Amino acid sequence: TKQPVRVAVTGAAGQIGYSLLFRIASGDMLGKDQPVILQLLEITPALKALNGVVMELRDCAFPLLADIVTSDDPMVAFKDADYALLVGAMPRKAGMERGDLLGANGGIFKPQGEALNAVASRDVKVLVVGNPANTNALIAQQNAPDLDAGQFTAMVRLDHNRAISQLAEKTGKPVSSIKNLTIWGNHSSTQYPDLSQATVDGQPALDQVDRDWYEQQYISTVAKRGAAIIEARGLSSAASAASAAIDHMRDWALGTPEGEWVSMGIPSDGSYGIPEGLIYGFPVTCKNGKYEIVQGLPVSDFSRGKMDATAQELTEERDEVRKLGLV
Ligand code: NAX
């Protein structure tokens, strides 16, 4: 049997944590043969609630759950972590400007980056879920100079899964028939859900839907899905966000299926003319624990405009956190 791996999760007593932890512990993320040690980080006032979650995790008697550690100190929670899912973040409050939001999150992601740098496994795979996810990932990465920049990723997988689901609904085809769509850019309303290479049952998706529907409805429905969930549920997406985090980490660790790609927020290497260093959603394939950007896809003028607009937003966010001295 395999040795247990260490999975750190921040914001573990929150909504997403409540779905995520049980799925990690049951083997959905790293495989049904991989024991895990959960290392859970919360702020001090939430440790009591976290303890209740730990009681429930124990009560599931998951065969793969080797141990559970809880702490309010990132140096403890990230110790030797092989995987780190950074979920806890500072939500936008009414009247908050982007700079305020980025500053508040800098107070979380800078020390967490430093702690990962100091104590995590040298091969740690980091996924940032907490918003603004792409720029929070950049802050953590820039404060972890001894780790490879590529070890820091941001979640656009929920957008990717939403995009699949919306297309499946429109075409009346099962989600499993849909391949190779891409979420480019920021996990925000400027994201670009791109169907230009997507297929449904092996046939081009854009031959099966109306171009007007795609440009005028589909893109904004996917980009605004988070707000629609809040409106309906009175709370932000949680189980679907946890499921997307599982998908992101599973594919990164265990690989994507042959001939298919997924979307991950990763540091740009300049591919597709995206400014180097931005944490940007790209189409990627994964193998042996590494991801690679899918190269050579044609980019129409329509796509170019959308890809540049979301890159521009991320550049502005980067400028803002530079001004704040966070990166
Ligand atoms: P909750 O407010 O339910 O939970 C967040 C938890 O994080 C709280 O328990 C809080 O005590 C904890 N926390 C705060 N600061 C912390 C710190 N410094 N260290 C450790 N823990 C800390 O939020 P939830 O609904 O779980 O959402 C978490 C984050 O995910 C939010 O930032 C949210 O905006 C973001 N999302 C990102 C998505 C994505 O696609 N990238 C989609 C879903 C979600 O909206």
Side-chain angles (χ1 to χ4, degrees), residues 8-22 39-54 69-78 81 84-93 96 101-102 104-116 126-140 143 152-163 183 185-189 191 193 222-231 233-249 262-266 279-281 314:
V9 179
T10 76
Q15 279 208 92
I16 294 175
Y18 196 68
S19 290
L20 181 59
L21 300 177
F22 296 85
Q39 304 191 157
L40 309 178
L41 182 70
E42 259 296 349
I43 52 172
T44 315
L47 285 176
K48 179 163 181 255
L50 180 60
N51 192 45
V53 178
V54 169
V69 175
T70 63
S71 183
D72 55 4
D73 180 355
M75 296 289 274
V76 174
F78 294 156
L85 293 89
L86 309 188
V87 178
M90 182 73 76
R92 188 187 287 266
K93 301 202 180 84
M96 234 183 184
L101 181 71
L102 291 169
N105 279 288
I108 297 174
F109 287 88
K110 186 173 195 286
Q112 291 189 359
E114 290 165 350
L116 287 163
V126 182
L127 167 63
V128 176
V129 174
N131 280 320
N134 300 53
T135 297
N136 286 341
L138 183 72
I139 295 169
N143 288 282
F152 289 80
T153 68
M155 188 163 99
V156 294
R157 186 61 175 261
L158 179 54
D159 309 296
H160 182 97
N161 289 345
R162 287 167 171 166
I183 304 295
N186 201 2
H187 168 67
S188 77
S189 57
Q191 65 175 264
V222 172
K224 293 181 187 151
R225 185 70 163 178
I229 302 279
I230 293 173
E231 169 65 24
R233 207 171 83 91
L235 288 167
S236 60
S237 337
S240 56
S243 196
I246 294 280
D247 288 347
H248 177 116
M249 281 304 210
V262 295
S263 307
M264 284 172 70
I266 58 169
I279 309 273
Y280 187 96
L314 283 168

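Values in this document were obtained by computation on a predicted structure and should not be read as measured data. For the numbers below, each heavy atom of this structure counts, side chains included, while hydrogens, waters and symmetry mates do not. Positions are given from 1, in the same order as the sequence printed here. In listed order, ligands and their atoms are each counted from 1.
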task: Evaluate the side-chain hydrogen bond (donor to acceptor under 3.5 Å, both in side chains) criterion for residues Q191 and D159: first the C-alpha distance (whole Å), next the side-chain angles of each, then the deciding distance (0.1 Å), finally the verdict.
output: CA-CA 9 Å; Q191 65 175 264; D159 309 296; 3.0 Å; yes
task: Have a look at ligand 1 and work out which part of I16, if any, has a heavy atom under 4.0 Å from it: side chain, backbone, both or neither.
output: both
query: Does A238 reach ligand 1, in the sense of a heavy atom lying below 4.0 Å from it?
result: no
- request: Going by the side chain to side chain donor-acceptor pair (under 3.5 Å) test, name the single residue among Q15, R225, R162 that passes it with S237.
  value: R162
- request: Mark whether atom 2 (O) of ligand 1 lies under 4.0 angstrom from at least one protein heavy atom.
  value: no
message: Quick check on atom 15 (N) of ligand 1 - does any protein heavy atom sit closer than 4.0 Å to it?
response: yes
task: For atom 6 (C) of ligand 1, state which one of A242, G11, P45 supplies the nearest heavy atom.
output: G11
- request: Determine, step by step, whether K48 and N51 satisfy the side chain to side chain contact (heavy atoms under 4.5 Å, CB included) criterion, reporting the C-alpha distance in whole Å, the side-chain angles of both residues, the deciding distance to 0.1 Å, and the verdict.
  value: CA-CA 5 Å; K48 179 163 181 255; N51 192 45; 5.7 Å; no
- request: Output the distance between atom CG (L127) and atom CG (L85), rounded to the nearest 0.5 Å.
  value: 5.0 Å
query: Does ligand 1 have a heavy atom under 4.0 Å from the side chain of Q15, from its backbone, from both, or from neither?
result: both
message: Using heavy atoms and a 4.0 Å limit, tell me yes or no: is M90 in contact with ligand 1?
response: no
- request: Would you tell me which option among L158, I43, D159 has the nearest heavy-atom contact to atom 42 (C) of ligand 1?
  value: L158
- prompt: Against heavy atoms of A89, which atoms of ligand 1 measure under 4.0 Å?
  reply: 32 (O)
statement: Of P132, S188, P111, G14, the residue with the heavy atom nearest atom 5 (C) of ligand 1 is G14
statement: protein heavy-atom neighbour closest to atom 37 (C) of ligand 1 works out as V129 O, 3.0 Å
- request: Any atoms of ligand 1 less than 4.0 Å from a non-hydrogen atom of Q112? List them with their elements.
  value: 17 (C), 18 (N), 19 (N)
Expected output: side-chain Q39 to main-chain A8 donor-acceptor under 3.5 Å: no
query: Who's the nearest protein heavy-atom neighbour of atom 18 (N) of ligand 1, and how far?
result: I108 CG2, 3.5 Å
task: State the atoms of ligand 1, each with its element, that fall below the 4.0 Å cut-off from a heavy-atom position in S236.
output: 25 (O)
- prompt: With respect to V54, which candidate in L40, L21, L47 satisfies the side-chain contact (heavy atoms from CB on, under 4.5 Å) definition?
  reply: L40
query: Below 3.5 angstrom, do we get any N/O pair linking S237 and ligand 1?
result: no
- request: Pull out every atom of ligand 1 sitting under 4.0 Å from any heavy atom of V87, numbered as shown with elements.
  value: 28 (C), 29 (C), 30 (O)
message: Considering both backbone and side-chain atoms of G88, is one of its nitrogen or oxygen atoms within less than 3.5 Å of a nitrogen or oxygen in ligand 1?
response: no
- prompt: What residue and heavy atom of the protein are closest to atom 40 (O) of ligand 1, and at what distance?
  reply: H187 CE1, 3.0 Å
field: Side-chain donor or acceptor of D73 paired with backbone N/O of M75 under 3.5 Å
entry: yes
query: Checking R92 side chain against M96 main chain: does a donor-acceptor pair fall under 3.5 Å?
result: yes
- prompt: Is the shortest distance from a heavy atom of A13 to ligand 1 less than 4.0 Å?
  reply: yes
- prompt: Roughly how far, to the nearest 0.5 Å, is the CD atom of Q112 from the CG atom of N105?
  reply: 9.5 Å
message: When you measure from the side chain of T135 to the backbone of L102, do you find a donor-acceptor pair of N or O atoms at a distance under 3.5 Å?
response: no
- prompt: Closest non-hydrogen protein atom to atom 11 (O) of ligand 1, residue and atom name please, with distance?
  reply: E42 OE1, 2.8 Å
query: Can you tell me which residue and heavy atom of the protein come closest to atom 43 (C) of ligand 1, and the distance to 0.1 Å?
result: A241 CB, 3.5 Å
message: Please check this pair: side chain of N136 against backbone of N131, looking for a donor-acceptor N/O pair closer than 3.5 Å.
response: yes
task: Sequence neighbours left out, what passes ring pair (Phe, Tyr, Trp, His ring centres under 6.0 Å) with Y280? Give chain and number order.
output: F282
query: Would you find a donor on one side and an acceptor on the other, under 3.5 Å apart, between the side chain of S263 and the backbone of G281?
result: no
task: Report the nearest protein non-hydrogen atom to atom 34 (O) of ligand 1: residue, atom name, distance rounded to 0.1 Å.
output: N131 ND2, 2.8 Å
